[in-house]
Enquirer: 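Submitted below is the structure of interest, expressed as structure tokens.
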Amino acid sequence: MLLHTKIAELLSSTEVDRDVTVKGWVRTKRGNKNVAFIALNDGSIIHNIQIVAEVAKFPEELMKEITTGACLCVKGALVKSQGQGQSMEIQAKEIEVYGPADAETFPLQKKGHTMEFLREIAHLRPRTNTFGAVFRLRHHMAFAIHRFFNDKGFFYVHTPIITGSDAEGAGEMFHVTTMDLKNPPKNPDGSINYKEDFFEKETNLTVSGQLEGELAAMALGLIYTFGPTFRAENSNTPRHLAEFWMIEPEMAFYDINDNMDLAEEMLKYLIQYALDHAMSDLEFLNNMYDKELIARMKSVIEKPFTRLTYTEAIDVLKQQNAKFEFKVEWGTDLQKEHENYLVEHFNGPVILTGYPKNIKAFYMKQDDDGKTVRAMDVLFPWIGEIIGGSQREDNLEKLTTRMREMHIPEKEMSWYLDTRKFGSCPHAGFGLGFERLMLFVTGMTNIRDVMPFPRTPGNAEF
RNA sequence: UCCUCCUUAGCUCAGUUGGUUAGAGCACAUGACUGUUAAUCAUGGGGUCCCUGGUUCGAGCCCAGGAGGGGGAGCCA
């Protein structure tokens, strides 16, 4: 075992004048012919520790190998710094270069790079301050999600990634097959014979775990899923990925109001968790990218989210119709400009409910007026729609009628309908786009920069 | 998928009305400097001007097509 101390621990240590071993990657080196200053980072924290090396004590060849990007093991004394920029530093006694990084070809520099360039070197960008901060935050948010639900008595359910259902209705799907695409087995009528395929039927990558999540909720009570989802939409925006992670809680005996309460509580919990556990990363992102980041996060936690119905929102928006490119009218879906207006108008998150049934999914519970459904969308500052959810239709007859109206094949969904057939109950749930949450807590503006290896149309590198 | 902008050194960008040998800052290399903080100073090397075709005596610059990327919109989370 190669024992060493994490830089995060050293920087918060009060115990100086002791020998330590650190391992990490060189961010910068500067100095003169007598002394070299090496900023070393090991990923445990955004800050570097300064290594001070008296040039005469080390072979010239070794010093030459210490360049930006190289990986070092340093043994030395942790001491109070003589310089101004840091409280502590390490006086190097031994330096071993684990892996040099050729200075002429290593693409990362001391100075800033554009996000676009770093996307092209996604395999190296975790070594930057920015992506170190983003990916540490990503871990904290994932962990906080599990902690939040676990503490509330939710069970984590694993829904399938390969699905035999093509009626989830959330978007275009990626096909999963082992057939020879150049020469697939055919039926007599010329169509593809999926009986010959691996699963002996047509299969896809999931677009949502919701329907399977409902099955679990109607046995375990409170459940959540947290896993990858896939959409083969040709979406080219800073808010969409072809592969993204989604959190989908599903709760038996919750109505739409309970659903909203949970969504609001969860979002506030997660944001508070980031403030409590990742402040040094947030401070960096706040200073470098978005001066409002921390203030915006705090403002969202402080006050209740504004809740209003779709119909009420239309009334608010109609008064502003003159300034909208798309005029609002009851029955049409809200455009981005309308969502943005509402978030600005109410100066914080907005939860909209009671949408017209014709613009929402088949499984949403119909209101008694016959026109609206108990859907909810949570609109957030900075990013727009972060959550979509609903109370589910629990009446078998209403559900099947709606499915017929929307041309959803009943036969294939019989397993789903069985929940309404046998021991149906009021229940509700929602989907939180993990990367959208990440945009909010990092201040990043492009979703490709909060996913380690983003998949978008025309791009599946690494 | 639609609209729009961009593509010149490793990176970020200038590049005049179409005119001789395409520039800067940073990075990198070498040197100077007794503790630096995106160190500083000096010197140096470094180019498929995105690709293909066209117009022209002459194209980084004009035209057509294509590729890649950004922003906006739609689809949504």
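What you see is a predicted model; the values in this text were computed from it and never measured.
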Enquirer: How far, in whole Å, is B/rU48 from B/rG23 if one measures between their P atoms?
Expert: 15 Å

Enquirer: Report yes if a side-chain nitrogen or oxygen of A/Asn32 is closer than 4.0 Å to either non-bridging phosphate oxygen (OP1 or OP2) of B/rG35; otherwise report no.
Expert: yes

Enquirer: Reckon A/Ile387 touches a base, only the sugar-phosphate, or nothing at all at heavy-atom distances under 4.0 Å?
Expert: sugar-phosphate

Enquirer: For the side chain of A/Gln109, counting heavy atoms from C-beta on, which of B/rC26, B/rC28, B/rC76 is nearest?
Expert: B/rC26

Enquirer: Just how far is it from atom CD of A/Gln319 to atom CG of A/Asn321, taken to the nearest 0.5 Å?
Expert: 10.0 Å

Enquirer: Looking only at atom P, what distance separates B/rU55 and B/rA64, rounded to whole Å?
Expert: 15 Å

Enquirer: Under 4.0 Å, counting only non-hydrogen atoms across every strand here, what does A/Phe37 touch: a base, just sugar-phosphate, or nothing?
Expert: base

Enquirer: Take A/Gln86 and A/Ala103, find for each the nucleotide of RNA chain B with the closest heavy atom, and name the residue whose nucleotide sits nearer the 5' end.
Expert: A/Ala103

Enquirer: Identify the residue among A/Asp394, A/Leu211, A/Leu215 that makes a side-chain contact (heavy atoms from CB on, under 4.5 Å) with A/Thr419.
Expert: A/Leu215

Enquirer: Distances under 3.5 Å only, N/O to N/O: pair up the protein atoms with those of nucleotides 65-73 of chain B.
Expert:
residue: B/rG70; atom: OP1; partner: A/Arg119; partner atom: NH1; Å: 2.8
residue: B/rG71; atom: OP1; partner: A/Asn446; partner atom: ND2; Å: 3.4
residue: B/rG71; atom: OP2; partner: A/Asn446; partner atom: ND2; Å: 3.3
residue: B/rA73; atom: N6; partner: A/Asn236; partner atom: O; Å: 3.3

Enquirer: If we count only N and O atoms by modelled type, under 3.5 Å, do the side chains of A/Arg448 and A/Asn459 hold a donor and an acceptor together?
Expert: no

Enquirer: When all nucleic acid strands are considered with a 4.0 Å heavy-atom cut-off, which category describes A/Glu435: base, sugar-phosphate, or nothing?
Expert: nothing

Enquirer: What distance, rounded to whole Å, do you find between the two P atoms, one in B/rU17 and one in B/rG58?
Expert: 22 Å

Enquirer: Would you say the side-chain atoms of A/Thr229 and A/Arg231 include a donor-acceptor pair closer than 3.5 Å?
Expert: no

Enquirer: Between B/rA14 and B/rA24, how far apart are the C1' atoms? Round to whole Å, please.
Expert: 7 Å

Enquirer: With heavy atoms under 4.0 Å as the rule, sort A/Lys29 into base, sugar-phosphate or nothing.
Expert: nothing

Enquirer: Look at the side chain of A/His240 and the base of B/rC76, then say whether one donor and one acceptor between them are separated by less than 3.5 Å.
Expert: yes

Enquirer: Determine the contact category for A/Gln91: base if any of its heavy atoms lies under 4.0 Å from a base atom, sugar-phosphate if only primed atoms, P, OP1 or OP2 are that close, otherwise nothing.
Expert: base

Enquirer: Taking any heavy-atom pair under 4.0 Å as a contact, classify A/Gly83: base, sugar-phosphate, or nothing.
Expert: base

Enquirer: Which pair of non-hydrogen atoms, one from A/Gly31 and one from A/Phe37, has the smallest distance, and what is that distance?
Expert: CA-CD1, 4.1 Å

Enquirer: Could you check which of B/rA39, B/rU34, B/rC76 has an atom nearest any side-chain atom of A/Arg30?
Expert: B/rA39

Enquirer: What nucleic acid atoms does A/Gln82 come within less than 4.0 Å of, heavy atoms only: base, sugar-phosphate, or nothing?
Expert: base

Enquirer: Please report the distance separating the P of B/rU20 from the corresponding atom of B/rA27, rounded so that it comes out in whole Å.
Expert: 31 Å

Enquirer: Write out the stems for RNA chain B, ordered by first number and formatted as range with range, counting runs of at least 3 consecutive Watson-Crick or G-U wobble pairs under 3.5 Å.
Expert: B:1-7 with B:67-73, B:10-13 with B:23-26, B:28-32 with B:40-44, B:50-54 with B:62-66

Enquirer: Mind checking if A/Glu89 touches a base, just sugar-phosphate, or nothing, with heavy atoms under 4.0 Å?
Expert: base

Enquirer: Pick the closest RNA chain B nucleotide for A/Thr114 and for A/Leu108 by heavy atoms, then say which residue is nearer the 5' end.
Expert: A/Thr114

Enquirer: Think A/Lys318 forms a cation-pi with A/Trp330, using NZ or CZ under 6.0 Å from the six-ring centre and within 45 degrees of its axis?
Expert: no

Enquirer: A/Ile247 near the nucleic acid: base, sugar-phosphate alone, or nothing, with a heavy-atom cut-off under 4.0 Å?
Expert: nothing

Enquirer: Return yes if the base of B/rU36 and the side-chain atoms of A/Gln50 contain a donor-acceptor N/O pair under 3.5 Å, otherwise no.
Expert: yes

Enquirer: Ignoring hydrogens and geometry beyond distance, is a side-chain donor-acceptor pair present between A/Glu214 and A/His427 at under 3.5 Å?
Expert: yes

Enquirer: Suppose you measure atom P in B/rG72 against the same atom in B/rC28; what distance do you get, rounded to whole Å?
Expert: 34 Å

Enquirer: Under the criterion salt bridge (charged side-chain N to carboxylate O under 4.0 Å, His left out), I'd like the reasoning laid out for A/Glu339 against A/Lys336: C-alpha separation, chi angles, the key distance, then a yes or no.
Expert: CA-CA 5 Å; A/Glu339 295 180 355; A/Lys336 193 102 205 304; over 6 Å; no

